[in-house]
S.K.: 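What follows is a single structure, and I will ask about it in a moment.
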Amino acid sequence: MRRWTFSKGHGTQNDFVLLQDRESMLNPGEAEVRFICHRHSGIGADGLLRAVRAAHIPEWEGNPDLWFMDYRNADGSVAEMCGNGIRVFVRFLLEQDLATGPVVQVATRAGLREATVYPDTSIRVAMGPVTLGGEVTVTVGGVKHRARTVSVGNPHAVSFVDDLQALQLFTAPTWSPPEAFPNGVNLEFVRRVGERHVAMRVYERGVGETRSCGTGTVAAAAAAAAAAAEPLPVSYRVDVPGGTVEVELTEGQAFLTGPAVIIANGELILPEEL
Ligand SMILES: N[C@@H](CCC[C@H](N)C(=O)O)C(=O)O
């Protein structure tokens with residue numbers, strides 16, 4: 001029987017299981033991730049964050065001694081970046097004495113990211129560049145919506161709606177043209193609440209509807225600022241079902257600030273058959 005030490009944390013209720021795997025001895029596969037993230041038979045989480053020395057990640061070309069955030073969605077798929085996850089990851093590193101603040105660098109599949117830890121529960125992360133693309137049509141719950149493509153290291157489609165509550169987000173979206181998102185997409189629905197203030201619901205690739213998506217909030221703010229032809233720098237408040245974050249958009253760099261907490265440490269018992 002394999003027993004792994006884990007932590008559980010969340011950022012605006014986007015929740016994660018965290019594993020320390022410095023020398024890449026655990027390296028969970030798809031089956032392990034699905035088991036751990038299952039809401040009824042596992043710990044339950046939107047994703048898994050594995051802390052591994054960057055030297056063990058073949059595609060990482062930077063400093064090998066950094067901590068690499070190996071992010072997996074609840075269905076076991078790999079994603080390039082996670083905006084809420086990286087804050088929770090940094091909180092985990094600090095609480096496990098694996099890093100010292102207030103500035104912590106993290107290696108990710110989307111590149112190097114720098115986090116600044118504040119005295120309250122919040123952490124600000126330099127999220128890299130945001131790339132706005134063209135228009136697509138997304139279909140979810142049998143309804144077609146116009147959306148804008150946005151990359152925050154991972155793929156997003158942002159659609160503006162008047163009523164967030166009316167949306168049926170029980171099934172995965174489809175999109176046209178299909179080549180717009182060859183590797184799937186995270187879909188954000190955004191409603192304008194006020195000046196530089198939006199509310200959002202999200203259907204995450206590899207997960208389903210979640211209470212928050214950090215990269216999604218950055219995509220939402222960037223699409224909202226572009227639609228309003230707002231000059232940079234500009235800051236947006238983004239409300240999600242699980243809380244509120246702040247997104248600052250500057251030329252070539254976005255910053256995301258929000259809470260990150262660890263709520264449990266424990267031991268996970270993996271069934272023999274995995
Ligand atoms: N919850 C995350 C995004 C996680 C990855 C996403 N589901 C994907 O597949 O790209 C966030 O906070 O950014």
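Computation of the quantities below employed the complete heavy-atom set of this structure, encompassing side-chain atoms and omitting hydrogens, waters and symmetry-equivalent molecules. Both counts, for ligands and for their atoms, begin at 1 and track the order of listing.
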S.K.: For ligand 1, is there an N or O atom under 3.5 Å from any N or O atom of S212?
M.R.: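 No: no nitrogen or oxygen of S212 is under 3.5 Å from one in ligand 1.
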
S.K.: Measuring from the heavy atoms of C213, does anything fall under 4.0 Å of ligand 1?
M.R.: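 C213 counts as a contact of ligand 1 under the 4.0 Å cut-off.
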
S.K.: Tell me whether G214 has any N or O atom under 3.5 angstrom from an N or O of ligand 1.
M.R.: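 Yes; the residue has a nitrogen or oxygen that sits under 3.5 Å from a nitrogen or oxygen of the ligand.
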
S.K.: Looking at ligand 1, is there an atom of it that comes within less than 4.0 Å of some heavy atom belonging to H156?
M.R.: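 Not so, H156 does not reach ligand 1.
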
S.K.: Keeping the roles fixed (side chain from D15, backbone from D46), state whether a donor-acceptor pair exists under 3.5 Å.
M.R.: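 Checked: pair present.
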
S.K.: Check each of E246, E248, E114 against R124 using the side chain to side chain donor-acceptor pair (under 3.5 Å) test, and report the only one that passes.
M.R.: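 The single option meeting the side chain to side chain donor-acceptor pair (under 3.5 Å) with R124 is E248.
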
S.K.: Is G83 close to ligand 1, meaning an N/O of one under 3.5 Å from an N/O of the other?
M.R.: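 Yes.
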
S.K.: Under the salt bridge (Lys or Arg N to Asp or Glu O under 4.0 Å) rule, what do R148 and E135 come out as? Steps first, then yes or no, please.
M.R.: CA-CA 5 Å; R148 180 143 194 205; E135 286 217 330; over 6 Å; no

S.K.: Tell me: protein heavy atom nearest atom 4 (C) of ligand 1, and distance?
M.R.: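 The closest heavy atom on the protein side is E204 OE1, 3.2 Å.
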
S.K.: How does A79 reach ligand 1, by side chain, by backbone, by both or by neither, if only non-hydrogen atoms under 4.0 Å count?
M.R.: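 The side chain, only.
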
S.K.: Considering distance alone, does some N or O of Y71 sit under 3.5 Å from an N or O of ligand 1?
M.R.: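 Such a contact does not occur with ligand 1.
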
S.K.: Ignoring angles and geometry beyond distance, decide whether T215 reaches within less than 3.5 Å of ligand 1 through its nitrogen or oxygen atoms.
M.R.: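 Indeed, backbone or side chain, T215 has an N or O that close.
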
